[in-house]
There are 2 protein chains.
Amino acid sequence: MTLVATHAAGVTREGAGVATLSDVARRAGVSPATASRVINGSSKPVTDELRERVLRAVAELQYVPNAHAQLLARSHRGAVGVIVHDVSDPYFSEITRGLQRVATDQGRLLMICNSYRDPERELEYVELLRGQQVAAIILAGSGYHDAGFTRLLNDKLAAYEATGGRVAVIGRHEHSGDAVMPDNRGGARLLGEEMCRLGHEGIGVVAGPQVLTTTTDRLTGLREALAAHGRELPEHRIRYAEFDRDSGAAATAALLDAEPGLTAIAALNDSMAIGALSLLRSRAVPVPDRISVFGFDDMPIARDVTPALTTVRLPLVEMGSRAMALALDAGGTRPRVESLAAELVRRDSSAQVQGRAHS
Amino acid sequence: MTLVATHAAGVTREGAGVATLSDVARRAGVSPATASRVINGSSKPVTDELRERVLRAVAELQYVPNAHAQLLARSHRGAVGVIVHDVSDPYFSEITRGLQRVATDQGRLLMICNSYRDPERELEYVELLRGQQVAAIILAGSGYHDAGFTRLLNDKLAAYEATGGRVAVIGRHEHSGDAVMPDNRGGARLLGEEMCRLGHEGIGVVAGPQVLTTTTDRLTGLREALAAHGRELPEHRIRYAEFDRDSGAAATAALLDAEPGLTAIAALNDSMAIGALSLLRSRAVPVPDRISVFGFDDMPIARDVTPALTTVRLPLVEMGSRAMALALDAGGTRPRVESLAAELVRRDSSAQVQGRAHS
DNA sequence: CACGCCTAGGTAAGCGCTTTCCCGTCAGCG
DNA sequence: CGCTGACGGGAAAGCGCTTACCTAGGCGTG
């Protein structure tokens, strides 16, 4: 089960007449204490006779315990909060799958919040989750180049941790606590290497939002690899856009118009790469014969587009499961940081530059 | 925000020392009542001086109200529960987007639960949501051919509605309340028509699970259209499998092996169709020249695979927003049923049968 | 046969918050 | 100048549940 909150807000008082524990107790002719005990199998023994009566009353009344009251009475800390940029983005779906798996194993409830890359909203969600008394908060997805925001966020998280909450982040270096770090820079270096190996010199980059650290990390890795081969990545060959398909297509179009000589396009995530492929197809530019296209992340559909996408695989599901494990495991000296390696996946969207040998 | 619960379970008592309202009140030198009033802007006026003091205390203590306590005290009914088969499936992502939009507009929190097509779990989630005091429950996704389960579910839903809860279903005819119904049968009829128009006679079907009403509805529509052209759809040309990519590929393989003469494959959803395309590619069967492939649903990636998928569009997002609107709008005579039409989308995966004229 | 102890059940005190009701104060009025 | 009424604030009663803590039997002992 997934709890999706769309944003806290106005509260209405609807409905009425829900059966309560006392109703059950009264009908069974026992005290609320006894009713409670049989209903959630307390360690205290109850005679079969009474248990029987209570269960019958529960069934007859279709009684369902009020979760809020239970949580309050138990000062519950059972659920785990997750803040991602957008679950419907496959990148986060995969991570979430990993989070979910571990959480389920431990019988934890997950509350997933979409920040839609709005730092403000991220802050709000931390508050909201704190108010929900979650046992841990997991922040997944790139951080922002915004010192003010980062400080604010860290303050809030620190306050949360100070009261016993646990925090784990995925792919953010700005936080001081437990973290799972995919190797964006190393992965991008792999990509750069590959492009050089294939003889590409006219390289254009379709990048994500400039404010995201993930974008800059990947750019850095790319630059490092190119530099090692004596090549550069001038700023005018980079187009910054949103991390989605349509923005990728638009950015590719702009890039192509401005730089007609390109032989390779590196999109900084797979969604954008798919947008790029789609644009190239619409312009009848053969891929990879005329232009090679590279993605990043290796989301599941990358293998289903045509040509299948050459990309960098990040162990998304594992990133999720590791992060959840960190968050739920109180032991160990903190902060713990786990790095996960990236891996190049060669498919059909990339090829040797036409008419050139290996440089 | 999305709340994803992974299944209720064990509860631990972690952390401590969270600031409470009384802490704030004490520090500000006011009563809890006053503190509460300034914190959530009650209608009762409070002097600026006191308000000031309370706000300062809140800031200093990093106070965040305990949501459970608030909900309990207010007998809140603000959130809406959603039960889907699997949010990471694009079909449901799209529907969820629609649900979310309307919910957000009305300041509602959404709790999304994944049943993973397990009726048992669906039942459990209804209970869980009831316990969460949600204002409405929305069930999205095909129902099951299982009278026992259906009765059980309807009983539970009825009990929920009896206590003021609202229920809306998407694509299930077995429930008696409000419903949004995509025209599966009509859409499939469109598909059948198109296949006949293109001259296909050797038609194989890659179907979803036989227990789902959606599967049988779509098959029925297909049969109706074929019958109108004097054709049949024998059972041995249908393969039942799970509604996902890999199952689609496997079913296609089995179908092809058993029925070599096929000129068209109708997959009963796009994921399966994509699996079919992938298998055909791996066997070097040209699509659509040798075999045409048809999908169903028109999920976003359908246009990005190669060849782009001919499919039947269902207004997924709208299905979601309508259902949420129904669930949140108490007025009107119930049950209200809204039907949404399907539409054929011709793309590149389908073509006239080779060497045959329009039949 | 009396004492103590174990046991099943009930009583009641919260969990943290909201909200009704009431009280004291002060301004305005006749 | 006394009375009324408006108004800001506090006391307290829950919301529905859990869980010490207590009580009253029933049994086993010496």
Side-chain angles (χ1 to χ4, degrees), chain A residues 8 10-54 57-58 61 63-78 130-133 163, chain B residues 8 10-54 57-58 61 63-78 130-133 163:
Chain A
V11 165
T12 353
R13 189 182 276 276
E14 296 155 28
V18 191
T20 77
L21 219 218
S22 340
D23 295 336
V24 172
R26 200 170 313 120
R27 177 171 254 250
V30 302
S31 76
T34 305
S36 168
R37 292 201 259 259
V38 1
I39 286 171
N40 42 45
S42 125
S43 56
K44 240 190 161 173
V46 176
T47 33
D48 288 350
E49 143 96 60
L50 290 198
R51 145 164 296 107
E52 191 43 31
R53 298 220 304 261
V54 170
V58 166
L61 263 40
Y63 169 73
V64 176
N66 180 319
H68 299 302
Q70 283 190 316
L71 297 199
L72 182 56
R74 291 179 181 149
S75 357
H76 181 258
R77 281 278 193 113
R130 210 140 86 73
Q132 294 284 337
Q133 315 297 108
T163 60
Chain B
V11 165
T12 349
R13 188 181 277 275
E14 295 154 31
V18 191
T20 76
L21 219 218
S22 338
D23 296 336
V24 172
R26 200 169 315 122
R27 177 171 255 250
V30 302
S31 74
T34 305
S36 167
R37 293 200 259 259
V38 2
I39 286 171
N40 42 44
S42 122
S43 56
K44 238 191 162 175
V46 176
T47 38
D48 287 351
E49 143 96 60
L50 291 198
R51 145 165 295 109
E52 190 45 31
R53 297 219 306 260
V54 171
V58 166
L61 264 38
Y63 169 73
V64 177
N66 180 318
H68 299 302
Q70 283 189 316
L71 298 198
L72 182 57
R74 290 179 182 150
S75 354
H76 181 258
R77 280 281 191 110
R130 210 140 87 73
Q132 294 284 338
Q133 315 297 109
T163 60

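Every chain is numbered from 1, with letters handed out A, B, ... down the list of sequences. All figures in this text were calculated on a predicted structure; none of them were measured in a lab.
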Side-chain contact test, heavy atoms from C-beta onward, threshold under 4.5 Å: evaluate it for N40(A) versus Q70(A) and give yes or no.
yes
Name of the residue among V18(B), L21(B), V54(B), D23(B) meeting side chain to side chain contact (heavy atoms under 4.5 Å, CB included) with Y63(B)
L21(B)
Below the 4.0 Å mark, does dG16(C) have OP1 or OP2 next to a side-chain nitrogen or oxygen of Q70(B)?
no
Nearest nucleotide by nearest heavy atom, which residue falls closer to the 5' end of DNA chain D, A69(B) or L50(B)?
L50(B)
Can you tell me how far CD of Q132(A) sits from CG of L71(B), rounded to the nearest 0.5 angstrom?
7.0 Å
When rounded to whole Å, the CD1 to P distance for the pair I39(A) and dG16(D) reads 14 Å
Roughly how many Å is it from CG in L72(A) to P in dG14(D), rounded to a whole number?
17 Å
Report the distance from atom NE2 of H68(B) to atom P of dG14(D), rounded to the nearest whole Å.
24 Å
Side chains of D48(A) and R51(A): does their closest heavy-atom pair fall under 4.5 Å?
yes
Rounded distance in Å - CG (D48(A)) to C1' (dA8(C)):
12 Å
Would you kindly give the CG-to-P distance between L21(B) and dC15(C), to the nearest whole Å?
13 Å
Starting at atom CD of Q132(B), determine the distance to atom P of dG16(D), rounded to an integer number of angstrom.
15 Å
Shortest non-hydrogen pair, R53(A) vs E49(A), comes out as NH1-OE2, 2.9 Å
Let me confirm one number: the CZ-OG distance from R37(A) to S31(A), rounded to the nearest 0.5 Å.
6.0 Å
Quick check on contacts: within residues 27-37 of chain B, what sits under 4.0 Å from DNA chain D by heavy-atom distance?
V30(B), S31(B), A33(B), T34(B), R37(B)
For dT18(C), does either OP1 or OP2 sit under 4.0 Å from a side-chain N or O belonging to N40(B)?
yes
Can you tell me the distance, in whole Å, between the CG atom of N66(B) and the C1' atom of dC17(D)?
14 Å
Quick one, T34(A) and V46(A) - any side-chain contact, counting heavy atoms below 4.5 Å?
yes
Rounded to whole Å, the CD-P distance (Q133(B) to dC17(C)) equals 19 Å
